[in-house]
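To start, the structure itself, in structure tokens.
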Amino acid sequence: MLMRYFIWDGLALLVLSLAGFGAWLVSLPPTSVTAKAPRVEQHEMDAMLASLKPPKREQPLIAVVGINDATETTDYLVPTGILRRADVADVVTLATGPGPVKLFPALTVEPDATIAEFDARNPQGADYVVVPAMSRDDDPVVLDWLKRQAGKGAIVIGVCAGAKVVAAAGLLDGKRATTHWYYVKELLAWHPSIIYVANRRIVADRGVVTTTGITASMPMMLTLIEAIAGRQKTEEVARDLGMSSWDVRHDSNAFKLTRPFATTVLANTLAFWNREQVGIELRPGMDEVSLAFVADAWSRTYRSRAVTFAASPGAIETRDHIPIIPEEMAADWSAARRTYSFSDQRPADALDLALVAIAARYGSRTTNIVSMQLEYPRSGQLR
């Protein structure tokens, strides 16, 4: 008899849970409201560029920091790759401890140094610190180091949800900021003194810069290059990336949690029997920015995960000298479960081609959830 009550109670809880979940789904908007991104006046851009001028050195030192166990793929690799190809600063990749940096949702890299090693070599500190999204916002080593770098005069740049890490270090208190659309409410709930700025891809305020979602790293780095080296140099780098513009315009209303987004994620997640690993071959000299975009996109479908492979287990060095460690040792990969990094394409084109390939394999709804996670305006606004 007692077992019967347990069964009925369990069924009742299940029904209530399903009913609650269904009500939540119905409450979500059926679509995002898109509009033309509002214009940004030239005086606003001029003020931002002035605030980003190198604070210490003529040849700035830029540190891209990450935690070893989980740092966002594109946030870590794209700034490094773009800044190194521009050749206007000394750029170093850092980790909290010795050993490789495991990026999420894909790739593993060897950093240039640990935080401690960087500090020993550069007691004056960095000119700029790039802070990617991390699997946790409260790593004590990172937070303490960010406070010390800011205290030494470094400009701190929180890319995407890296803004949450910067905020946890207390560097955004009372300042204007933005972040990835999914984390805006969380950021403001934990740090209510932050003044959220909508419809701007980049927000700078008193030595701290924040950006919207993952793909904002491209216009952010171009804006930084322009502040360091001027417009002509930036235009050269932009052409190499496949971008014709990089202003701070953004349509924040285009990125919201919608019913199609939630139902597609749910459906793809529940289809656990239909998962696959998509192989990407690592080759010496490949474009790390294109690689990051493609691997990141394929690993955000909830149907697939990008897996790198190479004929030997050693790290493969990219175009701009970032050692990528292959996950699998294989001379080849099944053609049916393989994708290209499009490293022979300009990075902005590589991302578009990856999204086309994902749509062909899984459909447009899956491509849409990938674009939403990357906060990528498919209308061409990014370029």
Side-chain angles (χ1 to χ4, degrees), residues 21-22 24-34 72-75 77-78 103-107 133 160-161 180-183 212-218 251-281 289-309 327 333-343 345 347-383:
F21 180 72
W24 174 75
L25 274 181
V26 171
S27 72
L28 294 176
T31 185
S32 297
V33 178
T34 59
E72 210 288 325
T73 302
T74 302
D75 295 354
L77 290 182
V78 169
L103 302 176
F104 73 86
L107 306 181
C160 185
H180 188 287
W181 65 269
Y182 188 80
Y183 297 107
T212 55
I214 297 167
T215 52
S217 56
M218 290 178 74
D251 178 14
S252 296
N253 284 327
F255 300 94
K256 304 287 184 184
L257 183 59
T258 63
R259 201 177 309 145
F261 180 94
T263 54
T264 305
V265 169
L266 177 63
N268 287 6
T269 301
L270 291 177
F272 58 87
W273 64 89
N274 210 11
R275 297 278 191 281
E276 61 179 341
Q277 291 185 334
V278 179
I280 299 178
E281 184 178 8
V289 179
S290 295
L291 171 64
F293 278 140
V294 172
D296 210 327
W298 276 98
S299 299
R300 291 183 180 274
T301 65
Y302 291 87
R303 292 279 304 274
S304 58
R305 187 176 75 86
V307 176
T308 55
F309 70 94
E327 292 183 66
W333 199 270
S334 166
R337 295 189 302 110
R338 171 179 187 156
T339 190
Y340 295 100
S341 68
F342 300 110
S343 63
Q345 302 286 330
D349 296 329
L351 176 55
D352 286 336
L353 289 168
L355 292 172
V356 169
I358 290 168
R361 199 172 189 92
Y362 305 128
S364 60
R365 287 171 69 98
T366 294
T367 305
N368 289 339
I369 67 169
V370 173
S371 297
M372 287 290 285
Q373 290 173 84
L374 298 175
E375 201 158 345
Y376 180 49
R378 300 290 302 283
S379 63
Q381 181 191 332
L382 181 65
R383 314 197 249 177

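For this chain, numbers begin at 1 and follow the sequence in order. The figures that follow rest on heavy atoms only: side chains count, while hydrogens, waters and symmetry mates do not.
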Exercise. So W333 and F309, would you call those rings parallel, tilted or perpendicular, with 30° and 60° as cut-offs?
Worked result: parallel

For this session: Please check if the side chain of R275 supplies one atom and the backbone of A271 the other of a donor-acceptor pair under 3.5 Å.
Result: yes

Problem set entry | Sole candidate of I214, I369, I358 that passes side chain to side chain contact (heavy atoms under 4.5 Å, CB included) when paired with R300 | I214

For this session: May I ask you to test the E327-R305 pair for a side-chain heavy-atom distance under 4.5 Å?
Result: yes

For this session: State the CE-OH distance between M372 and Y182, to the nearest 0.5 angstrom.
Result: 11.5 Å

Exercise. Would the number of heavy atoms belonging to other residues, nucleotides or ligands and lying under 6.0 Å from CZ of F104 be above 12?
Worked result: yes

Exercise. Is there a side chain to side chain contact (heavy atoms under 4.5 Å, CB included) between R361 and T366 once you walk through the steps?
Worked result: CA-CA 9 Å; R361 199 172 189 92; T366 294; over 6 Å; no

Exercise. Looking only at heavy atoms, which two atoms of S290 and P347 are closest? And how far apart?
Worked result: OG-CA, 3.3 Å

For this session: Could you go through the side chain to side chain contact (heavy atoms under 4.5 Å, CB included) check for Y376 and L355 one step at a time?
Result: CA-CA 11 Å; Y376 180 49; L355 292 172; 3.6 Å; yes

Exercise. Atom OG1 of T264 and atom OH of Y362: how far apart are they, to the nearest 0.5 Å?
Worked result: 14.5 Å

Exercise. Less than 4.5 Å apart, any side-chain heavy atom of L107 and any of L77?
Worked result: yes

Problem set entry | All side chain to side chain donor-acceptor pair (under 3.5 Å) counterparts of T339, not counting sequence neighbours | W298

For this session: Scan T215, D75, T74 and name whichever one has a side chain to side chain contact (heavy atoms under 4.5 Å, CB included) with C160.
Result: D75

For this session: Would you check, one step at a time, whether the test side chain to side chain contact (heavy atoms under 4.5 Å, CB included) holds for W181 with T212?
Result: CA-CA 7 Å; W181 65 269; T212 55; over 6 Å; no

Exercise. Just wondering, do H180 and L374 contact through their side chains at under 4.5 Å, heavy atoms?
Worked result: no

Exercise. Shortest non-hydrogen contact from S299 to A306?
Worked result: OG-N, 2.9 Å

For this session: Hey, could you give me the CZ/CG distance between F293 and D349, rounded to the nearest 0.5 Å?
Result: 11.5 Å

Exercise. Side chains of T263 and R365: is there a donor and an acceptor less than 3.5 Å apart?
Worked result: yes

For this session: Measure across P105 and T73 and return the closest heavy-atom pair with its distance rounded to 0.1 Å.
Result: N-OG1, 3.4 Å

Exercise. Taking T308 for the side chain and I280 for the main chain, is one N or O donor matched with an acceptor at less than 3.5 Å?
Worked result: no

